[in-house]
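In this chain, numbering begins with 1 at the start of the sequence shown. Side chains included, hydrogens not; waters and symmetry mates left out as well; all remaining heavy atoms used.
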Amino acid sequence: MLARIWALVIKEFLAILRDKKSRFVLIGPPIIQLLVFGYAATFDLDHIPYAVYNQDSGFASRELLGYFQGSRAFRQVATITRDGQIAPLIDREKALLVLQIGPHFTEDLLRHHPAPVQVIIDGRNSNTATIALNYVNSILLSFDERWAREHHWGSPPAQLVARAWFNPNLLSRWFIVPGIVALLTLVVTLLVTGLSVAREREQGTFDQLLVTPMTPLEILAGKALPGILVGAVEGTFISLVAVFWFGVPFLGSVFALIVGMLLFIFAAVGIGLMISSLSMTQQQGLLGAFLFLVPAIILSGFATPIANMPELVQDLTYANPMRYFLVIVRGVFLEGDGLRDLWSQYWPLAIIAALSMSAAAWLFRHRMQ
């Protein structure tokens, strides 16, 4: 059995290497992209969860916080009373930023001394962090102008001191490159498996497989293994490039990344085989792959936060394997996560992988009959 599967794997690799570029007509994908980009892809932050650590009991700090409470873009989720409460809020993504006002804020302002306000922000998504800091700066500027006008200051009194966790310099490369590990792994795996069975039908060699001694499960395994191997090599290569070429820090467990990558690849292979089983030609398989790819990428949180999407769209993201793998890969790279930290992402990926592979096996048998 292993020899037959291995022979089919070699055949698949040869077909992949020799296959020319397929032509396809884009009809459905532009419509899907329009809908997805219109509803899900947005760089506007409408609900910024923040926590307040106010060590000052004066009226100036309450007045400044009133500016944030009156803003539609900010939503206070917690009030902090000690330093130890800051890290859990940021680590668990319950708050995007923490406003820390020192104990002498009002006193310093009344004495015409600069009064610093510290913003501790989650820097894992550098784009979101930068936009949020701009919002904070605009509110602080409004407070400064009013205070300077009412108290006859010649210059703005308050000073903003920002600290970004996980990404101190808010480099977009640190946010984008780990996401590319998930993006390209999904693209390559889906295209390899999405065209495998369709290629056999288009070239007229699928019937030849049916008269071989191979069982349907052996044929399915032979079709799945090339996608798994190609996806694993692709993901490993991009991870190495991210660390050694782009300089993205790798702080977590290698084993945790391997487990997440394998579960993600199995889910992608299952989806690709489902598409391939339903396709009669390579053009149909390619079109089906892109019909899944575009929404999967947009609804994964790759470029825009899932929290800013409509609630109905947020519910759809739970069926997207890329959503979970993005959390895994960014957590391993930037946060230093291990297996225990990522368990909440592993089990949904495992369920999606099991369901997609089972559905692919059923569709494959059904189409053979």
Side-chain angles (χ1 to χ4, degrees), residues 36-53 67-69 71-78 80 86-100 117-141 160-183 242 246 248-249 251 295-311 313-318 320 322-337 345:
V36 172
F37 276 100
Y39 287 102
T42 174
F43 289 98
D44 297 330
L45 294 181
D46 299 325
H47 300 86
I48 302 176
Y50 75 99
V52 173
Y53 185 18
Y67 277 76
F68 287 91
Q69 294 171 356
S71 173
R72 295 181 179 180
F74 288 88
R75 176 171 54 89
Q76 184 174 346
V77 295
I80 296 176
I86 298 177
L89 287 173
I90 300 293
D91 292 345
R92 298 171 186 173
E93 300 183 2
K94 292 184 177 180
L96 178 62
L97 58 88
V98 175
L99 292 173
Q100 182 175 1
V117 176
Q118 182 169 239
V119 178
I120 303 172
I121 194 165
D122 186 351
R124 283 169 286 197
N125 188 332
S126 57
N127 180 69
T128 302
T130 302
I131 296 175
L133 281 178
N134 290 334
Y135 287 2
V136 173
N137 276 319
S138 64
I139 291 180
L140 188 60
L141 180 61
L160 182 66
V161 180
R163 289 177 55 200
W165 287 16
F166 306 113
N167 190 354
N169 297 321
L170 294 179
L171 297 176
S172 59
R173 181 180 298 172
W174 286 19
F175 168 71
I176 295 175
V177 174
I180 294 178
V181 176
L183 174 61
F246 291 104
V248 180
L251 306 177
I297 295 171
I298 298 301
L299 300 180
S300 64
F302 173 76
T304 57
I306 295 178
N308 283 349
M309 302 177 187
E311 293 185 2
V313 179
Q314 292 185 37
D315 294 335
L316 295 177
T317 63
Y318 290 109
N320 184 6
M322 190 173 171
R323 168 197 171 120
Y324 305 102
F325 188 54
L326 274 179
V327 176
I328 293 172
V329 71
R330 285 172 176 163
V332 171
F333 270 87
L334 301 179
E335 303 174 41
D337 288 344
Q345 309 300 321

message: Quick check: closest heavy atoms across Leu334 and Phe166, and the distance to 0.1 Å?
response: O-CD2, 3.7 Å
- prompt: Just wondering, do Val119 and Leu99 contact through their side chains at under 4.5 Å, heavy atoms?
  reply: yes
message: For the OG1 atom of Thr128 and the CG atom of Leu96, what is their distance to the nearest 0.5 Å?
response: 7.0 Å
- request: Check for a donor-acceptor pair, side chain of Gln100 on one end and backbone N or O of Tyr53 on the other, with a separation under 3.5 Å.
  value: no
message: Can you pull out every salt bridge (Lys or Arg N to Asp or Glu O under 4.0 Å) where at least one residue sits in residues 326-336? Sequence neighbours excluded, please.
response: Arg124-Glu335
field: Separation between CZ of Phe68 and CD of Gln76, rounded to the nearest 0.5 Å
entry: 10.5 Å
task: Provide the closest heavy-atom pair for Val177 versus Ala242 in the form atom of the first, atom of the second, distance.
output: CG1-CB, 3.3 Å
message: Can you give me the closest heavy-atom contact between Ile121 and Ala132, atom names plus distance?
response: CD1-CB, 3.9 Å
statement: The reported gap from CG in Leu133 to CG in Leu140 (rounded to nearest 0.5 angstrom) is 11.5 Å
query: For the residue pair Pro295 and Asn320, what are the closest heavy atoms and their distance?
result: O-ND2, 4.5 Å
message: Minimum heavy-atom separation for Ala129 and Asp122, please, with both atom names.
response: CB-O, 3.5 Å
message: What's the separation between atom CG in Asp337 and atom CD in Gln345, rounded to the nearest 0.5 Å?
response: 9.5 Å
field: Result of checking Val313, Leu299, Thr317 against Ile306 for side chain to side chain contact (heavy atoms under 4.5 Å, CB included)
entry: Thr317
Parallel, tilted or perpendicular: rings of Phe74 and Tyr50 (30°, 60°): perpendicular
- line: Heavy atoms of Ala95 and Ile90 approach each other most closely as O-CD1, 3.5 Å
task: Given side-chain contact (heavy atoms from CB on, under 4.5 Å), test Leu89 with Ile80 step by step and report yes or no.
output: CA-CA 10 Å; Leu89 287 173; Ile80 296 176; 3.6 Å; yes
